[in-house]
Each structure stands twice: as structure tokens, then as C-alpha cells.
Amino acid sequence: MPAPATVTDTIAAISTPPGRGGIGIVRLSGPEAASIASQLVRLRHPLEHLEHAHARLADVFDAGDDDATRIDEALVTFFAAPRSYTAEDLVEIATHGSPVVLELLLRRALELGARLAEPGEFTQRAFLSGRLDLTQAEAVRDLIDAQTLTQARQAASQMGGALSHRVAPIKQSLVELVALLEAGIDFAEDDVDVTPRQEISRRIAELTPPLTSLEASFARGRIVHDGLTLAIVGRPNAGKSSLFNRLVERDRAIVTATPGTTRDLVTERISIGGIPIELVDTAGLREGSPQSLNGSFAGSLDEVEQLGIARSREALADAALVLIVLDATQPLNDEEHRLLAAVVGRPAIVAVNKSDLAESARSENSGAPGPSHLGTEDCIILDAPGPSHLGTEDCIILDAPVLDFKPRESSAAGPTGSQTPAERSFPPVVSTSALTGEGIAALREKILALATGGAAAEPGILTNLRQHQAVTTTLAALADAATANAAAIPHEMILLDLYRALWALDSLTGQTTPDDILNLIFSTFCIGK
Ligand code: GDP
């Protein structure tokens with residue numbers, strides 16, 4: 001913890017959001033908070049003392065003199081140092097949420113000697129007084145910014161110290177190792193045994209796994225925190241906009257039977273399992289587009305549609321996740337083959353849409369070749385020009401719960417556990433009907449599984465780049481220490497690496513974070529927090 005700061009000034013801010021509301025709160029923190037507050041409002045029972053965590057009724061007047069007119073009533077709550085949010089004397093004055101009243105109170109607080117609080121300064125004071133560490137302070141901001149319940153839960157757990165608790169035993173072991181080496185150096189002449197190299201290496205090796213798993217937790221933390229973009233791509237009329245609307249749960253994108261209606265990107269933020277997902281509905285990828293995957297150009301599309309297709313390509317390239325929509329009633333075209341081949345190894349899902357029509361389309365075509373990608377074995381034939389590892393006649397089996405694809409000859413044997421990594425990286429397939437809603441729940445589940453990489457929620461995860469950087473630096477410094485130890489380098493030098501690791505680990509909780517970085521972090525908070 002940083003040494004408690006000696007704060008002498010009293011800060012004030014309107015802590016509720018700008019604009020009108022049912023109530024609004026002016027907050028004061030610092031040594032003069034109570035005395036300024038008692039001059040700002042008139043307590044209904046003037047003899048009453050402000051007691052810790054007790055709300056008192058008061059009146060707000062338009063001026064400080066005896067002729068003043070009462071303009072509002074207020075509830076004044078006092079929190080005595082050190083049991084307040086900032087660990088200083090803190091007063092919250094809740095009035096009706098009128099900007100006029102709140103601004104009057106703030107202006108008078110400043111006239112009475114308070115200073116306007118910087119963004120995040122209340123939380124910064126909580127941090128400087130040691131009431132919160134930096135991960136907890138960041139969690140306060142994350143909670144305020146949370147857009148989904150999962151984000152709020154995650155922030156609340158971090159605010160409760162989940163991350164700090166996870167780091168504490170790692171730090172303890174690191175400090176013990178440092179102490180061991182320091183003792184060996186300090187007391188070398190007093191016959192204190194020098195720590196054997198194997199012992200140092202064992203202790204460093206023990207520190208690595210918990211740090212590595214902490215580092216890996218950032219994958220989920222970042223997704224919970226920032227969410228992901230999912231681009232919906234496919235040929236015109238496959239049902240992209242209809243699926244988009246199903247996922248958004250309202251008619252956001254225009255759906256028509258005329259191919260090429262979606263000319264521009266339509267985006268909407270949704271939450272799946274608490275993970276924020278930015279859905280991007282794209283223009284259908286049509287053959288003949290100058291931007292088609294193989295760059296061929298048949299010149300049959302108008303300029304607006306071509307621009308739409310170009311944007312779709314960019315969205316496809318940028319998105320973390322891709323949803324390829326195929327039309328279950330149509331044979332795969334070359335563009336779709338290329339699309340499927342292009343997403344191998346990328347996080348993608350294939351939705352075979354219009355499942356409600358698929359059966360009838362199949363029976364209508366019985367005897368005839370039929371929609372070639374939905375043969376009797378429910379199999380998307382990836383015949384050409386697929387990536388080389390797919391061979392010439394591979395297929396996606398549509399009725400398997402998780403995607404399974406294999407050479408056509410062996411597909412009758414059903415899914416097996418003997419897939420190659422390349423096979424496993426092929427997208428999962430889900431059969432959907434945007435019309436009836438069939439398969440939409442399964443599609444959501446697949447999106448969630450893909451977004452989280454199947455990682456389960458765990459307490460104390462890294463949620464921002466700063467935290468991640470602190471852990472990677474710790475690991476790198478430990479690796480240097482291990483190398484130095486293996487090379488029998490003097491303990492003084494190994495200690496330099498270990499101190500670097502300790503410094504980086506401490507910066508996670510803010511103990512060694514430089515002031516300018518701290519100021520930068522707290523400036524991202526809102527005023528009054
Ligand atoms: P997009 O061009 O890929 O965005 O396709 P749309 O969502 O605009 O849909 C094209 C046409 O297919 C519209 O007439 C939709 O009503 C229809 N459609 C979309 N999904 C389904 C489905 O699952 N079943 C049926 N029967 N029709 C669908």
C-alpha cells in the first residue's frame with residue numbers, strides 16, 4: 001500500500017450524472033467537509049450533531065443570509081474518517097435532482113473553501129489512503145461502466161479484492177525468495193548458508209504456474225470487459241439480416257426477398273451470456289464483386305452494392321468472430337466455398353439457415369442430385385477449391401452436435417474422436433431457421449462458447465492491459481532470474497531480476513505505480529467518483 005497521503009484540502013463535486021433526475025447528490029470530502037456542509041444547508045435540528053452514517057433532514061436556501069428563500073429540502077449523510085469511502089470526513093447532500101439546486105450548492109461549497117474535485121479524485125483519495133488498492137479502484141470504474149450483469153459481477157468481485165487475493169500468495173513467495181537471497185548475501189561472513197542453486201530454481205519454478213494462469217485469465221477478462229465483434233457474412237438472401245434480427249430480438253435490419261438489400265453495415269450491441277457482442281450485419285457477398293475472395297470481377301453489381309460488399313470484406317477481416325450464413329435450400333457456390341476455406345482456423349460458426357425449408361427442398365429434389373451441399377448424409381461437400389488439408393471431397397456433418405468433418409467415404413461411420421487439429425479448428429455448424437426460431441438458442445450457445453473459448457468464470461482475473469502488462473513483466477523478470485541462476489551468476493545479480501519481478505507485481509496493485517500513470521488511470525473516472 002502507498003503511504004497514506006496527507007490531504008489538506010476539501011474537494012467537492014456533483015456525484016450524480018449531468019441533467020435532471022429524481023435526486024442529485026453533492027459530495028464533499030476532506031477535513032472541512034462537515035463544516036462546509038453545515039453552512040451549505042440548514043439542518044432541521046441545528047443542535048443535532050452529524051453522526052457517522054446517519055442521514056439528517058435539512059433545508060436548502062438560495063442564499064446564506066436570513067432573507068434567503070428555501071428552495072429545496074435535502075438529506076445530509078456524514079461519514080466520519082476513516083470509515084468513509086475516501087477514508088476522510090465525507091458528506092453527501094442529496095437534494096432533488098435539479099441542476100439549478102445542485103450547481104448552487106456546488107458553487108457555494110467552492111466559495112466556502114472547497115476545491116472542485118478532479119475526475120476520479122474521491123477514488124484516488126481512497127487509494128492514496130490505502131483503503132483500496134489499484135485493482136479495486138479500477139473495479140469501481142468498471143462497475144460504473146458495466147453494460148452487462150456479468151461485467152458488473154466481475155467488477156464487484158474485483159472491487160472485493162478477488163484479484164488482490166489471488167496475487168497476495170504469489171507475492172509472499174516472491175518476497176520469501178528475495179529474503180532468502182538477501183540473507184545469504186548480508187550474512188555471508190556469519191556462516192549463513194548460501195541458498196543452493198536447486199532451491200532457487202525450485203522456488204522460481206513454483207512461482208511460474210500461478211502467474212501463467214493469471215496471465216491467461218486476461219483472455220476471458222478482456223472479453224468480459226470489452227466484448228467482441230461478430231460479423232455475419234454469407235450470400236445475399238441466405239437470411240443474414242433475419243438471423244441478425246433474431247439475435248437482436250427486434251427488427252433492426254431490413255429483411256426482404258430481394259437479394260442485395262443490405263448495402264451497408266448494420267451494427268447492434270447485444271449481450272450473450274453477459275458477454276457484450278457487437279453484431280455486424282453485412283451486405284451479401286456475391287460473385288461478381290470486385291472484392292470477392294479470389295478478386296474476380298464479373299461487373300454485374302451496381303456501385304452501391306459493390307461498396308457494401310467491400311465494407312463487408314473489411315468487417316469480415318476485422319471481426320473477432322465470424323458467423324457464416326448458408327442457405328439450406330441452395331447448393332454451395334464458389335464464393336461460399338472460398339468463405340468456408342478462409343475461416344478455417346479462425347473463430348467462426350456456420351449457420352445453415354432456412355432449416356424449415358430444407359426438408360421440403362430435399363424431398364422435392366429426391367432422385368435428382370438435389371442441393372448438393374445437403375446430400376443424404378447432411379453433409380456440406382467441400383469439393384473445390386478448398387484448402388489442401390481438406391482433400392477433395394470432405395464434408396461437414398450437419399447433425400453432429402459439434403462440427404465434425406471428414407473425408408466423405410468415412411463420414412458414414414459417424415463422428416470420431418480422432419480429428420486432426422486442423423479438423424478441430426473447422427467451424428462448428430448449427431442448423432437454424434430465422435423464420436421459426438429453431439436453432440437460435442443453440443446458435444447463441446455456440447457464439448458464447450466461441451467468445452469465451454469455453455473458459456469458465458474464475459475469481460480474480462486480469463481485465464485490462466495495464467494489469468496484463470504487470471504480470472507479463474513479472475514472468476519475464478522471473479525467467480531472467482531462472483536463467484541467471486542456471487548460469488551460476490552471483491546472487492546479487494539474480495536479486496536484481498527478482499526485485500524487477502517484485503516491482504512489476506506490486507505495480508499490479510498500485511504499490512509501485514508511478515504518479516503520472518496513477519493520474520492517467522484516475523482521469524478515466526467520472527467526476528464525483
Ligand atoms: P440476407 O440478404 O442474407 O440478409 O437475407 P434476409 O434476412 O433479408 O432474408 C432473405 C429472405 O429469406 C427474406 O424473404 C426472409 O424472410 C427469408 N428468410 C430468412 N431466413 C429464413 C428462414 O429461416 N426460413 C425461411 N423460410 N425464410 C427465411
Side-chain angles (χ1 to χ4, degrees), residues 228-240 243-244 259-260 262 265 277-298 301 305-328 330-353 372-374 379-398 402-408 419-430 432 443 446-447 449-451 453:
L228 291 168
T229 305
L230 173 91
I232 306 179
V233 294
R235 69 160 73 180
N237 256 11
K240 297 180 297 302
L243 279 179
F244 176 94
T262 306
L265 306 182
I277 309 249
E278 175 114 322
L279 286 185
V280 185
D281 183 18
T282 66
L285 301 171
R286 287 221 252 184
E287 282 159 335
S289 149
Q291 307 288 336
S292 67
L293 278 171
N294 69 348
S296 67
F297 177 45
L301 308 178
E305 190 175 355
Q306 282 175 18
L307 278 172
I309 291 172
R311 289 203 183 155
S312 304
R313 291 269 162 241
E314 284 165 20
L316 175 62
D318 290 347
L321 310 176
V322 181
L323 174 61
I324 298 178
V325 183
L326 303 178
D327 185 333
Q330 301 291 319
L332 281 188
N333 64 25
D334 286 350
E335 190 65 39
E336 287 168 326
H337 276 293
R338 281 190 286 269
L339 200 52
L340 286 165
V343 298
V344 171
R346 276 186 70 178
I349 299 169
V350 176
V352 182
N353 191 40
S372 68
H373 71 284
L374 282 178
C379 164
I380 299 178
I381 313 290
L382 294 170
D383 40 15
S388 56
H389 70 268
L390 293 178
T392 49
E393 287 206 347
D394 291 346
C395 72
I396 301 171
I397 299 182
L398 294 177
V402 179
L403 166 100
D404 191 77
F405 88 108
K406 58 190 65 212
R408 204 180 184 191
Q419 293 163 310
T420 67
E423 285 171 336
R424 274 195 298 276
S425 71
F426 205 84
V429 178
V430 56
T432 60
L443 177 60
K446 291 241 183 316
I447 295 173
L450 208 62

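In this text the structure is predicted, and so the values were computed from the model without any measurement. Note that the numbering runs from 1 along the sequence shown for the chain.
The closest side-chain heavy-atom distance from Ile349 to Pro427 is not below 4.5 Å. Between Asp318 and Thr229, every side-chain heavy-atom pair lies at or beyond the 4.5 Å cut-off. By the 4.5 Å heavy-atom criterion applied to side chains, Arg235 and Glu335 are not counted as neighbours. Counting heavy atoms from C-beta outward, Leu332 and Leu340 have side chains that approach closer than 4.5 Å. Val322 is listed as a side-chain neighbour of Leu316, based on a closest heavy-atom distance under 4.5 Å.
Taking all atoms of both residues into account, the shortest heavy-atom contact from Val233 to Lys240 is C-CD, 3.4 Å. Closest approach of Pro428 and Lys446 over heavy atoms only: CB-CD, 3.6 Å.
Within the model, atoms CG of Leu321 and CG of Leu228 stand 5.0 Å from one another, a figure rounded to the nearest 0.5 Å. The distance from atom OG1 of Thr432 to atom CG of Leu443, rounded to the nearest 0.5 Å, is 6.5 Å. For the atom pair Asn333 CG and Leu326 CG, the distance stands at 9.0 Å (nearest 0.5 Å).
Paired with Val325 under the rule side chain to side chain contact (heavy atoms under 4.5 Å, CB included), one option of Leu243, Val352, Asp281, Leu339 passes, and it is Leu243.
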